[in-house]
Structures are given as C-alpha cells and as structure tokens.
Amino acid sequence: MFYTIAYADTIQLIRGKNMSRKYRLTAALLVICLCVTMIPGRAYAQETTKASSVSAKEQETKEVSLEDAKNQKKEEALPDGQGDGAKSVEGASSDAQVKDTGSKEDPTDAGAPAEDDDPGQGRLTGDVPEEFYDDDGGIQAMAAGIQHNSKFAGYEITEGIDVSKWNKNIDWTAVKNAGIDFAFVRTSYRGYEKGGLATDSYAPANMKNAAAAGVKVGAYIFSQAITVKEAQEEADYLIKSVQGYRINMPLVFDFEYYTGGRLEKAKLSKRAKTDICLAFCERIKEAGYTPLVYANKTMLNKDLYASEISSKYPVWLAHYTNSTDYAGDYSFWQYTSSGKVAGISGNVDMNYWYSKPGDSASFGVPGVSAAIKAPSATTLSGKAAAYDQVKLTWKKVSGASGYRIYRYDTVSRSYKKIKTISGGSTVSYTDTGRSMGTTYKYRVKTYKKSGGSTAFSKASNTVSVKTDSTMTGKTNGTSVTVRKGPSTAQGKLQTLGINVGVTITGTSGNWYQVSLPVGGKAKTGYISKSYVTIIRKPVLTLASAASGKIKLTWSKISEASGYEIQRYDAAKKKYVKIKTIKDGAKVSYTNSGLTKNTTYKYKIRSYKTVRGKKIYSYYCNAKSAKAK
C-alpha cells in the first residue's frame with residue numbers, strides 16, 4: 001500500500017506545471033526505483049528455488065561420487081583377505097594408522113541431512129536430557145570418585161569410550177596410551193525426523209586407527225526404529241558398515257529418544273519397544289556377532305522389559321552419576337559425557353566394561369568366535385622381595401601364549417590388570433613401587449592366541465603378600481646428613497660416615513625415613529635416597545667337594561657388583577676375608593687347600609660400587625661344613 005501511494009504522488013508532481021525541468025528528472029528517477037522494488041518477491045523466490053534445486057541435485061551427485069570414491073579407497077586399503085566381508089580380529093597385524101579423509105569442518109553424512117542426526121552432539125556440549133541422571137536430578141559424574149556396584153567385586157573392570165563424528169579427528173595412539181582399552185564407534189544412524197539410514201563419515205578413520213593403536217573396537221547405530229522390521233533393517237545396515245574392519249567388541253543398538261523425534265512421537269508400548277530391541281539383537285546374533293543394547297536408566301526402568309533383554313543379551317547402561325543404583329543387569333556403564341582423554345579435543349563419553357573372572361576377552365566375531373579353546377588356569381605363589389616389591393611366580397601352562405597379572409584395587413574393589421607377559425615360558429614377575437608393610441592380593445590368567453583370536457583361562461588362585469615393614473640400607477657418602485624432616489630446609493639431626501647401616505621405616509618423596517640411635521635414644525630422621533644404598537645379603541649354601549675342598553654357592557643379588565667371602569680363623573678367633581668375587585653374576589666359589597676332616601665356618605656379603613666406593617650389605621648367617 002505504501003508503494004502505491006508514493007508512486008501516485010510522484011506522478012502527480014511530475015505532471016504539475018509548477019515543477020522545474022531539473023526536479024522533474026529527479027522525480028522520474030525516483031519512480032523508476034520504486035518500480036524496481038515493486039517487482040513481486042514471489043518471482044525472485046521462484047528463481048531462487050529453481051537454482052537451489054539444481055544445486056542440490058548437483059551436490060547429491062557429488063556426494064554419491066565422493067561416497068563411491070571413499071568405498072573404493074577403503075577396499076584398496078584393506079589388508080589381504082579382508083575385503084568382501086572378511087574380518088580381521090584382535091592379534092592380527094596392525095595396519096599403519098591412517099588420516100581421516102573427511103572434512104575437518106563437518107562432513108555431511110550420506111543418506112540423511114546433517115541436522116537429522118542423533119543427540120550425541122548436544123550431550124557432549126552439556127545438553128543432557130534429565131533421563132540420563134537420577135530421578136532427583138543427580139550430578140554429572142566425573143572420573144574421580146567413581147564407585148562400582150558391589151556385585152562387580154572381583155570382576156575385571158576395563159575403561160573405554162564411545163565416539164562419533166562429533167568428536168572430530170582423534171589421535172588413537174594417544175588415546176590408547178591414556179589407558180583406554182576399548183571403544184564403540186558410531187558407524188551409522190537413523191534420522192530422527194524422516195527416518196533415513198545414514199553413515200558416519202568419521203567411522204572409517206575411527207575404526208581403522210583405533211584397531212591399529214591396539215584399542216578393542218565395537219560399533220553402534222543410533223536407532224529410531226519404530227517397528228521390528230526397521231530394527232532388523234538397522235541391524236543389517238550396521239553389519240554392512242563394519243565389513244572389512246577388526247571387530248572384537250559387540251555391535252550396539254543405541255535405543256533412546258530424541259526430543260520431538262520419530263521414536264518419541266510414535267508412543268510405542270513397552271512391549272513393542274522391547275520387541276524392537278530383541279529383533280535387532282537376534283539379527284546381530286544370527287550374523288555371528290555379539291549384540292548389545294544401550295539405553296539410559298529411565299528407559300530401562302520405565303520403557304522396556306529390561307530383564308527380558310538382559311536374560312539373553314548384554315546391556316549397556318547410561319546413567320550419569322558417580323555411583324549408579326540401577327538394580328538390573330548390565331555389562332557396560334556409561335557414566336558421563338564430559339570425560340577428558342588425551343588425543344580427543346573436547347568432551348567424550350566414558351564407559352566401564354565389567355567382565356567375569358575367567359571370561360574370554362573376545363566377543364562373538366563371525367568365523368573366529370569358536371576357533372580357540374581357553375587354556376588351563378595356572379597356580380600362583382608370591383613373596384616380598386623388599387619393602388617395596390613383591391615377586392610373583394606361577395606354574396608354566398603348556399601351550400600358553402602368555403599370562404596377564406592382576407592386582408586387587410581397594411578403591412574400586414576389583415582386580416585390575418597390571419601387566420601382560422608376552423611369552424608362555426616366562427613364569428615370574430616383580431611388582432615394584434609398592435608401599436612398605438602393606439598387604440597386596442594378586443591373580444594371574446593364562447591366555448592363548450590362535451588365528452588372530454585370544455582366549456583367557458579362569459583366574460588362578462589368589463595370593464596375599466605383605467611387603468617388608470622395614471628395610472636395611474647403607475650410607476654411600478663420606479659425610480651423609482640426617483635431617484629432622486624430608487627437606488634440605490630441615491635442621492640437621494646427625495652426620496654419618498660411609499657404609500653406616502640404617503633401618504628404613506618409610507619413604508617421603510625423594511627421602512628415606514630412617515630410625516637410628518642419637519645420644520642413646522632411637523630417633524627418626526630423613527636421608528636423601530641418593531645417599532642410601534639398599535643391597536640385600538646373599539643366602540649361603542656349603543657342600544664338601546673333593547679332598548680338602550669346600551664349595552660355596554649363594555643366591556644371586558641382582559644389584560650386586562660383587563661379593564666378599566670370609567672364613568673363621570680359630571687361631572685369631574675372628575672371621576678373615578679369603579676371597580673377593582668381582583662379578584655380581586657369579587654365585588659359587590670352591591675353597592681348596594683345607595685340612596681333611598676339619599669343620600670350617602663361612603659367611604658372605606654382597607657389595608655395590610657407588611661413586612667409586614664399595615657399599616656392603618650385611619653378612620649372611622654363618623654356615624659350617626666339614627672338608628673331606
């Protein structure tokens with residue numbers, strides 16, 4: 001209306017007799033401008049729509065071509081024998097880590113528009129639906145202070161993550177070095193609005209690089225299935241997406257609502273939703289993989305017959321808290337979406353995996369799940385090697401590829417892996433860095449590798465070992481200061497010469513806490529660790545050899561530079577040095593030229609050369625033997 005009035009007024013002014021030629025020209029230009037602006041916007045919109053339609057068609061063609069190129073490149077990159085649906089498994093040779101070929105900005109997944117995706121992006125940025133928390137709102141869990149349910153006492157607890165394109169490019173070597181042992185990778189999803197199936201453009205790089213770094217890999221599909229048929233379709237789509245990759249973890253049905261999404265709008269019954277989950281699992285199991293159902297606590301409690309699912313298939317619980325009270329069965333727990341892991345920018349979903357003692361660490365994989373039989377369990381023994389060391393030994397198991405050692409963790413109340421021994425002939429391990437006078441519990445599992453698969457035995461017997469409450473050492477400097485506290489700023493308590501024995505009763509950073517007499521009274525002081533040498537004394541054994549000879553043998557002291565042997569001299573009524581062994585690896589000496597039928601007494605001590613000075617252990621207990 002405004003344009004019409006302005007146009008009419010301007011024409012009248014132009015026609016007016018009183019307007020000069022100059023102003024008539026200006027008015028005419030104004031009319032032309034008004035005419036241009038009055039061209040219907042609908043015409044421009046139609047042209048724009050037409051252009052956009054062409055552009056979309058061209059873009060679709062480009063995406064299809066790009067996807068074909070990706071698939072071709074992926075097939076070419078696979079190791080021999082892994083194309084056409086073949087799979088490699090844990091233990092197979094690792095491919096070189098590859099770079100993600102997707103755009104770093106945000107590549108669009110084929111098959112559905114990017115905005116028709118799953119809610120993972122929102123959760124990583126803090127937009128977490130209330131059903132992931134406790135009924136009272138709860139708190140978002142952090143890694144510190146996690147408490148595992150008591151029903152998992154004695155279980156092996158492994159930490160892992162789950163990722164998608166929202167986590168962008170990942171340095172999987174750094175992730176593995178950070179202690180992450182498994183990962184679920186989103187390879188596909190169903191759009192929450194139109195319901196189209198699509199692939200995650202970051203999945204190829206994540207699947208390949210995670211496996212190459214030694215991380216166990218599983219895969220998941222974000223579901224919005226509202227029928228059994230759609231659940232089966234999603235299972236088939238997920239299976240196809242993992243073809244050619246190393247899979248040694250379950251294939252996951254990520255079943256959750258998206259606010260305003262098709263699953264929420266469908267308002268399915270509890271029975272219908274449970275049947276959808278079961279249909280997916282059955283399809284995955286038929287293909288030879290292990291299925292896993294992911295759902296948050298609220299959905300498991302209120303929207304599914306969870307016990308019906310968990311009685312047949314493992315469940316992955318999502319509950320963002322430090323100590324979940326979910327009463328149902330579950331094998332995995334996603335406890336936060338705000339985790340921090342080296343190699344990943346921003347937040348990442350964090351998970352725990354609970355496995356029963358003796359369970360195989362490998363899940364069902366087509367063609368290899370039954371290819372190997374679990375080896376026999378071994379028998380374990382242990383003893384304190386020092387105040388801060390425990391030496392474990394076990395019985396060799398025939399056919400074993402190696403052994404995995406577990407130590408009980410009092411915080412999580414579970415056994416945690418501390419060492420994997422790669423070699424079936426190695427039957428001992430020394431656990432160092434322990435605390436003085438503390439009891440530790442251990443178990444060992446035997447494992448066997450075959451055809452790229454790994455199977456574990458049941459856990460061995462449990463052994464409890466208490467470290468030494470005290471340890472003796474010798475000063476290794478000519479003037480060693482004993483301080484009143486563990487710092488050079490603390491006052492001097494005493495000064496000791498070289499090779500003075502001290503009793504170590506504890507540690508404090510780089511200082512030993514020692515007990516020593518000062519003025520006739522026992523005092524506690526501190527000596528820098530660099531000025532105390534801990535060297536154990538040998539255990540001596542004697543045997544009569546040939547005529548007039550006695551053979552001495554002793555236990556090897558790993559830190560020794562050599563040994564000093566003394567024999568009792570009856571005439572002098574004291575022990576006299578008869579031999580210095582200048583080789584810490586030598587463990588025997590034959591004393592000859594002895595009088596027949598005469599008894600001799602010996603003792604031996606080890607020494608370690610520090611800064612050019614011999615620092616001696618205490619002497620062993622004296623032993624006697626008669627020369628023939």
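The figures here come from the full heavy-atom set of this structure, side chains too, leaving out hydrogens, waters and symmetry mates.
- Of all heavy-atom pairs between S606 and R536, the closest is OG-O, 2.6 Å.
- Side-chain atoms of D468 do not come within 3.5 Å of backbone N or O of M471 as any donor-acceptor pair.
- The two residues A384 and V465 come nearest to each other via the heavy atoms N-CG1, 3.4 Å.
- Enclosure of atom CG in N510 is not indicated, since only 12 or fewer non-hydrogen atoms of other residues, nucleotides or ligands lie within 6.0 angstrom.
- Not counting sequence neighbours, the partners of K340 by the side chain to side chain donor-acceptor pair (under 3.5 Å) test are N347.
- Within the structure, the ring-ring contact (aromatic ring centres under 6.0 Å, His included) test picks out the following pairs touching residues 502-555 (sequence neighbours left out): W554-Y563.
- W394 pairs in a side chain to side chain contact (heavy atoms under 4.5 Å, CB included) with only one of the listed residues (N461, I421, V463), which is I421.
- Every residue was checked against the salt bridge (charged side-chain N to carboxylate O under 4.0 Å, His left out) condition with K608, not counting sequence neighbours, and none meets it.
- A side-chain donor-acceptor contact under 3.5 Å links T598 to the backbone of K596.
- For residues 595-617, the set of pairs meeting the ring-ring contact (aromatic ring centres under 6.0 Å, His included) definition, not counting sequence neighbours, comprises Y607-Y616.
- By the side chain to side chain contact (heavy atoms under 4.5 Å, CB included) test, A178 pairs with V341, A342, sequence neighbours left out.
- Counting only heavy atoms from C-beta outward, the side chains of S422 and Y447 approach each other to under 4.5 Å.
- Partners of D388 by side chain to side chain donor-acceptor pair (under 3.5 Å), not counting sequence neighbours: none found.
- The side chain to side chain donor-acceptor pair (under 3.5 Å) test applied to Y442 returns D431, not counting sequence neighbours.
- By the 6.0 Å contact criterion, NZ on K391 is open, its count of non-hydrogen atoms from other residues, nucleotides or ligands being 12 or less.
- Across all their heavy atoms, Y568 and K574 have their closest contact at CE1-N, 3.5 Å.
- Taking A183 as the reference, I161, W172, V215 meet the side chain to side chain contact (heavy atoms under 4.5 Å, CB included) condition, with sequence neighbours excluded.
- For D181, the salt bridge (charged side-chain N to carboxylate O under 4.0 Å, His left out) test picks out K176, with sequence neighbours left out.
- With sequence neighbours left out, R567 forms a side chain to side chain donor-acceptor pair (under 3.5 Å) with N591.
- In this view, K577 and E564, Q566, T580 satisfy the side chain to side chain contact (heavy atoms under 4.5 Å, CB included) rule, not counting sequence neighbours.
- With sequence neighbours excluded, the residues forming a side chain to side chain contact (heavy atoms under 4.5 Å, CB included) with T599 are S624, K626, listed by chain and number.
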